[in-house]
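Proteins come first, then strands; the chains are lettered A, B, ... in the order of their sequence lines, and each starts at number 1.
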Number of protein chains: 2
Amino acid sequence: MAQPDTVDRILDAAEELFAERGFSETSLRMITSKAKVNLAAVNYHFGSKNALIHAVFGRFLTPFSATLESAFDELEARCDGSPPTLNQTLWALTESAVRMPQRNEKGISIFMRLLGLAYTQSQGHLRKFLEQEYSEPFARFMRLLKEATPQLSAVDRYWRIQFMLGATAFTMSSSDALQDILRNKLGVDTTVQEIAARLVPFLAAGMQAQDTLLAPPAETHIPVA
Amino acid sequence: MAQPDTVDRILDAAEELFAERGFSETSLRMITSKAKVNLAAVNYHFGSKNALIHAVFGRFLTPFSATLESAFDELEARCDGSPPTLNQTLWALTESAVRMPQRNEKGISIFMRLLGLAYTQSQGHLRKFLEQEYSEPFARFMRLLKEATPQLSAVDRYWRIQFMLGATAFTMSSSDALQDILRNKLGVDTTVQEIAARLVPFLAAGMQAQDTLLAPPAETHIPVA
DNA sequence: ATGTGCTTCAAACGTATGTTTCAAACAGAC
DNA sequence: GTCTGTTTGAAACATACGTTTGAAGCACAT
């Protein structure tokens with residue numbers, strides 16, 4: 001085969017189109033024509049569209065979770081028994097994402113956007129696939145978060161983790177559009193690394209906010225059910 | 001007409017189905033059969049599926065933006081010249097959302113989920129519609145945020161607002177699923193009002209975090225490009 | 001050269017979608 | 001009752017989708 005393998009060409013095209021338009025909104029015909037392969041190739045090599053979606057995620061998630069595991073290993077070894085801080089844990093995650101070997105310059109933002117979509121577009125099969133394939137590093141991250149925030153109640157921690165995930169998934173999943181807006185409005189350019197560097201302190205501060213269930217300012221007297 | 005108007009029945013069914021499944025994943029046939037009206041009724045009364053989507057948003061967004069405007073009016077009047085605080089601004093928004101007259105008990109979470117979807121599912125026509133229809137209260141909210149955080153640079157503020165939007169949109173758009181998980185895992189029940197009461201302090205703390213562009217912990221030495 | 005296993009190709013399959021059509025049903029005014 | 005404008009109904013429209021089919025193409029061992 002002179003040109004790159006059909007399988008990889010399909011994965012590349014699918015990855016980009018999924019990230020741009022979502023899963024249901026991307027047809028196999030778009031993918032195969034962008035990849036310059038025959039329509040039937042997807043079903044031949046992957047079996048179905050859903051299986052292709054899984055393959056797209058597997059291709060970047062498997063090396064990522066390996067990187068993440070070793071980053072956590074290193075972090076825990078360095079901390080020598082005492083639990084890593086919240087900042088250290090968040091940075092370990094961020095670095096693992098940013099350090100991943102990229103296929104091209106858009107790699108990291110595609111990566112982020114796909115993760116955001118996986119959370120947002122409630123594709124049942126995808127969630128099931130991710131849960132049974134990558135539950136381990138996820139559970140470990142949760143454990144680290146728990147040990148780094150012993151002052152929080154389980155319920156508080158649960159919700160604040162959701163807030164963190166939301167801020168991250170949302171920002172990263174639209175980072176391209178947001179960067180464009182910022183470039184046009186304020187004339188500044190931003191890398192994904194810089195976004196991450198702004199995001200982590202935001203998350204850490206929110207995670208450690210002192211007063212949960214703060215009542216609204218006294219003057220406004222709404223009933224909190 | 002004996003039974004509630006066809007138009008309203010369509011809107012009710014569409015609202016619920018869109019919130020559950022997203023826009024592309026919800027067909028007109030699902031909507032009309034849930035609403036118990038003829039398939040052609042949607043195109044007769046609204047013109048197209050996209051116009052129906054706009055109508056669904058308009059029905060709750062128009063009264064909401066009116067409520068929000070008066071909440072801002074009241075807040076600014078009470079502050080008498082000096083800019084409202086960040087907490088006050090966020091609470092004004094939250095109260096307006098929570099206080100909205102609901103069609104049923106699921107009203108508020110449907111409302112939130114639809115807003116989240118509007119941001120996430122990049123339907124070009126929807127974004128255009130929302131921008132030209134509701135730019136005013138949005139711009140006012142942005143102005144209040146700016147005045148409440150004079151210590152932030154424009155770029156910092158921009159990104160932190162995106163983080164806030166993300167945490168909010170994401171959490172609210174999956175609030176049902178998240179509440180289910182929490183109920184099963186920790187056996188506690190949560191109302192949307194309580195989620196909001198947890199979210200606001202998180203957002204306020206993140207928004208006012210002191211150190212932006214914090215370098216990663218010294219030991220880890222990653223290059224921030 | 002001949003056969004073998006994998007891959008590509010064009011074409012078709014069945015199903016689902018949004019939209020249109022046009023006749024029937026209906027309500028209110030005269 | 002009859003006419004008029006609006007709303008409903010069943011059916012069909014054209015198009016797009018994911019998937020399947022079976023023949024053709026290809027590399028390589030025999």
ask   = Whole Å only: how far is the CG atom of B:Asn50 from the C1' atom of C:dT19?
value = 13 Å

inquiry  = From CG of B:Asn43 over to C1' of D:dT8, roughly how many Å is that when rounded to an integer?
reply    = 14 Å

ask   = Would you call A:Arg143 and A:Glu147 a salt bridge, taking side-chain N to carboxylate O under 4.0 Å as the test?
value = yes

task = Mind calculating the distance between CZ (A:Phe46) and C1' (D:dT20) to the nearest angstrom?
result = 18 Å

request  = Verify the ring-centre separation between B:Tyr134 and B:Phe57: is it less than 6.0 angstrom?
outcome  = no

inquiry  = From the set C:dT19, D:dA10, D:dT19, return the single nucleotide nearest to any side-chain atom of B:Arg29.
reply    = C:dT19

query = What is the distance from OH of B:Tyr44 to P of D:dT6, rounded to the nearest Å?
reply = 7 Å

remark   = All heavy atoms of B:Met207 vs all of A:Phe202, minimum pair found to be N-CE1, 3.6 Å

Length of the NZ-C1' vector between A:Lys49 and D:dG18, whole Å = 8 Å

inquiry  = Can you see if the side chain of A:Thr6 gets near the phosphate of C:dT7 - specifically, an N or O under 4.0 Å from OP1 or OP2?
reply    = no

query = With respect to the phosphate group of D:dC17, does any side-chain polar atom (N or O) of A:Ser27 fall under 4.0 Å of OP1 or OP2?
reply = yes

key: Nearest-angstrom distance from the residue atom NZ of B:Lys36 to P of D:dA10   = 15 Å

key: Parallel, tilted or perpendicular: rings of A:Phe64 and A:Phe111 (30°, 60°)   = perpendicular

query = Can you check the A:Leu28 CG to D:dT20 P distance for me, whole Å?
reply = 11 Å

inquiry  = Between B:His45 and D:dT6, is there a contact of a side-chain N or O with OP1 or OP2 at under 4.0 Å?
reply    = no

query = In whole angstrom, what separates A:Ile31's CD1 from D:dA16's P?
reply = 17 Å

query = What does A:Ala41 touch in the nucleic acid at a heavy-atom separation under 4.0 angstrom: a base, only the sugar-phosphate, or nothing?
reply = nothing

note = CD of A:Gln88 to CD of A:Glu76, rounded to nearest 0.5 Å, is 11.0 Å

inquiry  = Among D:dT20, C:dT21, D:dA12, which nucleotide has an atom closest to any side-chain atom of A:Ala40?
reply    = D:dT20

message = Just to be sure I understand the rule, does A:Thr26 reach a base, reach only the sugar-phosphate, or reach nothing, if contact means heavy atoms closer than 4.0 Å?
response = sugar-phosphate

inquiry  = Counting only side-chain heavy atoms from C-beta out, which of D:dC17, C:dT19, D:dT19 sits nearest to A:Leu39?
reply    = D:dT19

